[in-house]
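Contents: one structure, followed by commentary.
Values below: all heavy atoms of this structure, side chains included; hydrogens, waters and symmetry mates excluded.
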Amino acid sequence: MTVWLLGVLGTGVLGAVINHLTSGTRMHGVVRTACVYAFVLAVIFPVPMLIAGDFGALSCDYGDTEYDKEIADATDEAYFSLAAQALDAELAANGYDTESVVEGTVYAEKATVTRITVMLYGEFADSSAEIVRVGRIAADYFGTDISAVYVYVGKNKE
């Protein structure tokens, strides 16, 4: 219904402006007739849709945005895979050999990291201190709470 009302109002305003601009000219009668026809067409435009019962065509409401869930999931998975690779590069710059998995959600333009799992490779004299340090680096890297970071120590990369 909104589309129809906007069309009628737009046609009426445009017709009035054109009618006013052409007053006093020889073309005024023709222009006025054309504006009246355009207005009548704008008014009766929705009649076939109303008869067919298609009331949605008269609305500016486009409904819920539909998307392919498989494509959205694949895109999210690719995004977080790249984020895990970037985290591994950051940890490598700090001297650690790691494999990371980053999980989260993407809504509109905002990605939220919900879980970070880091497999830390190597032998350490104090592995608990290294776990805390790696966890802090990962949490700071994504700006998330350290409780979302899980660090495990493995001996060798296979």
Side-chain angles (χ1 to χ4, degrees), residues 1-18 35 38-158:
M1 197 70 158
T2 306
V3 171
W4 174 72
L5 285 174
L6 290 174
V8 169
L9 288 174
T11 305
V13 169
L14 187 63
V17 169
I18 292 173
C35 289
F39 184 77
V40 169
L41 285 174
V43 170
I44 64 170
F45 171 73
V47 172
M49 286 180 259
L50 293 174
I51 291 172
D54 185 12
F55 301 104
L58 301 176
S59 173
C60 286
D61 180 22
Y62 298 109
D64 293 333
T65 302
E66 294 182 22
Y67 63 94
D68 188 343
K69 184 163 174 34
E70 289 178 16
I71 291 174
D73 289 344
T75 304
D76 293 353
E77 184 179 319
Y79 174 81
F80 288 116
S81 175
L82 288 173
Q85 290 174 11
L87 176 60
D88 286 337
E90 176 70 17
L91 292 170
N94 283 285
Y96 294 105
D97 185 20
T98 60
E99 284 184 3
S100 303
V101 176
V102 178
E103 299 171 15
T105 58
V106 177
Y107 182 74
E109 297 175 356
K110 181 172 173 58
T112 305
V113 174
T114 56
R115 181 183 173 104
I116 304 165
T117 306
V118 179
M119 180 60 75
L120 178 61
Y121 295 106
E123 294 187 22
F124 306 100
D126 186 5
S127 61
S128 57
E130 297 302 322
I131 289 172
V132 171
R133 184 162 184 259
V134 168
R136 176 55 48 208
I137 292 170
D140 290 345
Y141 187 78
F142 287 111
T144 188
D145 190 64
I146 196 163
S147 64
V149 181
Y150 299 89
V151 180
Y152 302 101
V153 177
K155 296 291 181 198
N156 296 318
K157 238 184 201 181
E158 296 176 313

Roughly how far apart are [X] [atom1] and [Y] [atom2], rounded to 0.5 Å?
X    : Y    : atom1 : atom2 : value
S100 : Y141 : OG    : OH    : 10.5 Å
Y96  : F124 : OH    : CZ    : 6.5 Å
D97  : Y121 : CG    : OH    : 8.0 Å

ask   = Shortest non-hydrogen contact from F142 to A83?
value = CZ-O, 3.6 Å
task = Starting from the C-alpha separation in whole Å, work towards a yes-or-no answer on side chain to side chain contact (heavy atoms under 4.5 Å, CB included) for D126 and E130.
result = CA-CA 7 Å; D126 186 5; E130 297 302 322; 5.9 Å; no
ask   = Which residues pass the side chain to side chain contact (heavy atoms under 4.5 Å, CB included) test with V101, sequence neighbours left out?
value = E103, T117
Under a 4.5 Å cut-off applied to non-hydrogen side-chain atoms, are [X] and [Y] in contact?
X    : Y    : result
F80  : V113 : yes
L120 : Y152 : no
R133 : I137 : yes
V118 : L87  : yes

key: Pairs touching residues 85-96 that satisfy salt bridge (charged side-chain N to carboxylate O under 4.0 Å, His left out), sequence neighbours left out   =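 Output for this query is empty, none listed.
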S81 side-chain N/O to E77 backbone N/O, donor-acceptor pair under 3.5 Å =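 Not at all, since once roles are kept as given, no pair shorter than 3.5 Å links the two residues.
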